[in-house]
Amino acid sequence: MPPQKFETGHQDTVHDVAMDYYGKQIATSSSDHTIKIVGVSNSGSQHLATLTGHQGPVWEVAWAHPKFGSLLASCSYDGRVIIWKEGNQNEWTQYYVFDDHKSSVNSVAWAPHELGLCLACGSSDGNISVLTARPDGGWDTSRIEQAHPVGVTSVSWAPSTAPGALVRPGLLEPVQKLCSGGCDNTVKVWKLSNGIWKMDCFPALHLHTDWVRDVAWAPNLGLPKSTIASASEDGRVIIWTVAKEGDQWEGKVLHDFKTPVWRVSWSLTGNILAVADGNNNVTLWNEAVDGEWQQVSTVDL
């Protein structure tokens with residue numbers, strides 16, 4: 001598909017853009033308190049719906065896997081997470097509202113679909129909530145209390161396939177892990193065991209010198225290595241890797257952008273990383289054979 005530009009229709013800053021599983025719809029969120037759904041195709045784009053319900057800037061939106069129906073999660077400065085459901089075409093309702101957090105909810109991320117319908121939420125109150133849908137239509141909540149006491153900025157799930165599953169059959173139990181970034185300049189890894197979330201990296205991953213703005217766990221496709229990218233106010237993106245369960249994570253600076261870095265996002269195969277920085281640039285990077293990271297292109301905005 002050739003590059004397309006479209007008007008979102010928002011009245012204020014756009015904070016997040018998310019494309020659905022099939023690449024047919026885009027959700028955008030804004031400081032104007034709304035979410036817009038736009039249909040995209042080769043012939044152009046069209047506005048499909050405006051979702052209203054938040055009472056503050058909407059920081060992030062995330063599409064659930066289509067096996068659960070047409071669901072979209074959003075989080076806001078108003079402290080609420082809203083899960084939206086599309087009933088009839090382009091008719092959206094508030095399916096579930098979660099308002100346990102005491103301050104801004106900054107990040108939402110759906111777990112891999114193999115783990116069920118499960119949403120992680122990171123908040124400025126320092127806590128991470130994990131919402132899990134029950135068969136009866138209700139929701140259970142587990143929490144990581146004071147994950148980053150001065151504020152959680154971002155959450156991202158590990159792939160459900162255990163690292164090394166391709167080369168060591170038998171590792172077929174789905175993995176329940178996530179990583180988080182915070183205002184304490186650290187990245188942390190969490191693992192669910194016996195129903196309790198526990199930190200799975202000691203110590204916390206600490207190479208950034210300012211707030212971590214985003215974290216993204218790379219798809220591993222069953223390969224042995226786990227990889228996390230983190231982006232920071234300090235201008236750097238760091239690639240964290242661990243070879244096998246129980247080893248120490250190692251961090252390597254991908255690049256110093258000399259300006260705050262807002263977002264990092266992996267391709268579906270986990271071999272290309274997109275980076276959005278404070279100079280309004282989006283660049284694409286991949287790992288060369290020698291392990292060094294190199295810029296492969298710039299996205300024309």
Side-chain angles (χ1 to χ4, degrees), residues 3 13-18 59-60 104 106-107 109 122 124 147-159 163 177-190 199-220 223 225-243 247-301:
T13 305
V14 175
H15 295 292
D16 197 21
V17 181
W59 301 130
E60 279 191 16
S104 176
N106 303 316
S107 185
S124 291
H148 299 266
V150 282
V152 182
T153 55
S154 54
V155 286
S156 177
W157 289 84
K177 282 189 180 184
L178 55 84
C179 62
S180 60
C183 305
D184 56 5
N185 310 347
T186 71
V187 174
K188 294 180 180 179
V189 179
W190 309 90
M199 203 160 121
D200 196 51
C201 60
F202 297 98
L205 311 184
H206 197 171
L207 285 180
H208 287 297
T209 56
D210 208 333
W211 289 18
V212 176
R213 283 292 183 182
D214 199 23
V215 288
W217 202 311
N220 67 19
L223 296 171
K225 188 168 67 171
S226 290
T227 305
I228 294 169
S230 60
S232 170
E233 197 89 21
D234 68 12
R236 296 180 302 162
V237 170
I238 292 176
I239 306 294
W240 305 90
T241 54
V242 67
D247 280 5
Q248 293 278 353
W249 288 81
E250 293 182 4
K252 182 175 191 175
V253 177
L254 170 114
H255 186 67
D256 186 347
F257 292 82
K258 311 291 189 199
T259 183
V261 188
W262 303 120
R263 297 300 293 271
V264 279
S265 178
W266 293 97
S267 63
L268 290 177
T269 49
N271 63 331
I272 294 177
L273 182 70
V275 179
D277 68 43
N279 287 331
N280 295 333
N281 294 320
V282 177
T283 49
L284 303 181
W285 301 76
N286 73 359
E287 190 177 11
V289 179
D290 62 3
E292 293 299 314
W293 286 82
Q294 57 193 18
Q295 185 178 330
V296 289
S297 71
T298 301
V299 178
D300 186 22
L301 298 178

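Only this structure's heavy atoms are used, side chains among them; waters, hydrogens and symmetry mates stay out.
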Participant: So which atom in W262 and which in G278 form the shortest heavy-atom distance, rounded to 0.1 Å?
Facilitator: NE1-CA, 3.4 Å
Participant: Answer yes if the ring centres of W217 and W249 are under 6.0 angstrom apart, and no otherwise.
Facilitator: yes
Participant: Quick one: list whatever passes side chain to side chain donor-acceptor pair (under 3.5 Å) with D200, sequence neighbours left out.
Facilitator: K177
Participant: State, to 0.1 Å, how close W266 and A216 come at their nearest heavy-atom pair, and which atoms those are.
Facilitator: NE1-O, 2.9 Å
Participant: Taking ring-ring contact (aromatic ring centres under 6.0 Å, His included) as the definition, give me every residue that meets it alongside W285, ordered by chain and number, with sequence neighbours left out.
Facilitator: H255, F257
Participant: State, yes or no, whether a side-chain contact exists between T227 and I239 at a heavy-atom distance under 4.5 Å.
Facilitator: yes
Participant: Establish, from distance only, whether the side-chain atoms of S104 and N106 form a donor-acceptor pair under 3.5 Å.
Facilitator: yes
Participant: So V237 and W293, do their side chains get closer than 4.5 Å, heavy atoms only?
Facilitator: no
Participant: Would you give the length of the straight line joining atom SG of C183 to atom CD of E233, rounded to the nearest 0.5 angstrom?
Facilitator: 9.5 Å
Participant: Answer whether the closest heavy-atom distance between the side chains of R236 and T209 falls below 4.5 Å.
Facilitator: yes
Participant: Residues two or more places apart in sequence or in another chain: which of them pass salt bridge (Lys or Arg N to Asp or Glu O under 4.0 Å) with D290?
Facilitator: none
Participant: Between T153 and W211, do the side chains contain an N or O donor and an N or O acceptor separated by less than 3.5 Å?
Facilitator: no
Participant: Heavy-atom count check: over 12 atoms from other residues, nucleotides or ligands less than 6.0 Å from K252 NZ?
Facilitator: yes
Participant: Taking all atoms of both residues into account, what is the closest heavy-atom pair of N220 and P159, and its distance?
Facilitator: N-CG, 3.7 Å
Participant: For E250, enumerate each residue passing the side chain to side chain donor-acceptor pair (under 3.5 Å) test, keeping only those at least two apart in sequence or located in another chain.
Facilitator: none
Participant: Going by atom types alone, do S232 and N185 pair a side-chain donor with an acceptor below 3.5 Å?
Facilitator: no
Participant: How long is the span from the OG1 atom in T259 to the CG atom in N281, to the nearest 0.5 Å?
Facilitator: 9.0 Å
Participant: Please list, chain by chain and in numerical order, all residues satisfying ring-ring contact (aromatic ring centres under 6.0 Å, His included) with W240, sequence neighbours excluded.
Facilitator: none
Participant: Check for a donor-acceptor pair, side chain of D184 on one end and backbone N or O of H148 on the other, with a separation under 3.5 Å.
Facilitator: no
Participant: Looking at S107, is its backbone amide N or carbonyl O close enough to the side chain of S154 to form a donor-acceptor pair, meaning the two atoms are under 3.5 Å apart?
Facilitator: no
Participant: Examine distances only and state if a side-chain atom of W157 and a backbone atom of A109 form a donor-acceptor pair shorter than 3.5 Å.
Facilitator: yes
Participant: Counting C-beta onward and ignoring hydrogens, is there a side-chain heavy-atom pair between F202 and K188 closer than 4.5 Å?
Facilitator: no
Participant: Can you give me the closest heavy-atom contact between S267 and P219, atom names plus distance?
Facilitator: O-CG, 3.6 Å
Participant: Starting at CG of L273, measure out to OG of S265 and round the result to the nearest 0.5 Å.
Facilitator: 7.5 Å
Participant: Could you tell me which residues satisfy side chain to side chain donor-acceptor pair (under 3.5 Å) with D214, sequence neighbours excluded, listed by chain and number?
Facilitator: R263
Participant: Taking all heavy atoms of S180 and all of V155, pick out the closest pair and write down the distance.
Facilitator: CB-CG1, 4.2 Å
Participant: Counting C-beta onward and ignoring hydrogens, is there a side-chain heavy-atom pair between V187 and I238 closer than 4.5 Å?
Facilitator: no
Participant: So, taking the atom named CD in Q294 and the one named CG in L254, what distance separates them when rounded to the nearest 0.5 Å?
Facilitator: 10.5 Å
Participant: If you look at every heavy atom in A274 and L284, which pair is closest and at what distance?
Facilitator: CB-CD2, 3.6 Å
